[in-house]
Amino acid sequence: RPRPPPAPIRPRPLSLRHEIIDCQRPLGPTPVIRAQDGVANLEKGETATANCTDPGVLQDSPAWCRINGHTVVSAESHDGEYRITVRVGC
């Protein structure tokens, strides 16, 4: 019995994209909503960094990542600014 042909291989991008998302000044869920919008067009494995001023993002982002299948790569704070980097779909 002949084997079926292999599935086509989807070409991978030569380099992965990295988005910078401006979440300065908004409070509450808005930084996470902006992050969600910012990663919507990224492929699995690509990264995005959200620059925020709301300290709640340090708790909200990891929960959002778990729910949506993303990974927090880093979370930093310095002088009232917070930077969260996530890897999409990993």
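In what follows, residues are counted from 1 in the order of the sequence shown.
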Check for a donor-acceptor pair, side chain of N68 on one end and backbone N or O of H70 on the other, with a separation under 3.5 Å. no
Main chain of T85, side chain of T49: is a donor-acceptor contact present, judged purely on distance under 3.5 Å? no
Which value, rounded to the nearest 0.5 Å, describes the distance between [X] atom [atom1] and [Y] atom [atom2]?
| X | Y | atom1 | atom2 | answer |
| --- | --- | --- | --- | --- |
| E43 | L16 | CD | CG | 9.5 Å |
| S61 | Q36 | OG | CD | 11.5 Å |
| Y82 | C52 | OH | SG | 10.0 Å |

Between [X] and [Y], which heavy-atom pair has the shortest distance, and what is it?
| X | Y | answer |
| --- | --- | --- |
| E19 | G38 | CG-O, 4.0 Å |
| E46 | R17 | OE2-N, 3.1 Å |
| A48 | I21 | CB-CD1, 3.8 Å |

V39 and its side chain to side chain contact (heavy atoms under 4.5 Å, CB included) partner, picked from D37, N41, L42: L42
Is the shortest heavy-atom distance from the side chain of N51 to the side chain of Q24 under 4.5 Å? yes
Is L58 close to I84 at the side-chain level, that is, under 4.5 Å between some pair of heavy atoms? yes
Mind checking side-chain hydrogen bond (donor to acceptor under 3.5 Å, both in side chains) for T47 and listing every partner two or more places apart, or none if nothing turns up? H18
With E76, which residues qualify under side chain to side chain contact (heavy atoms under 4.5 Å, CB included), at least two apart? S74, R83
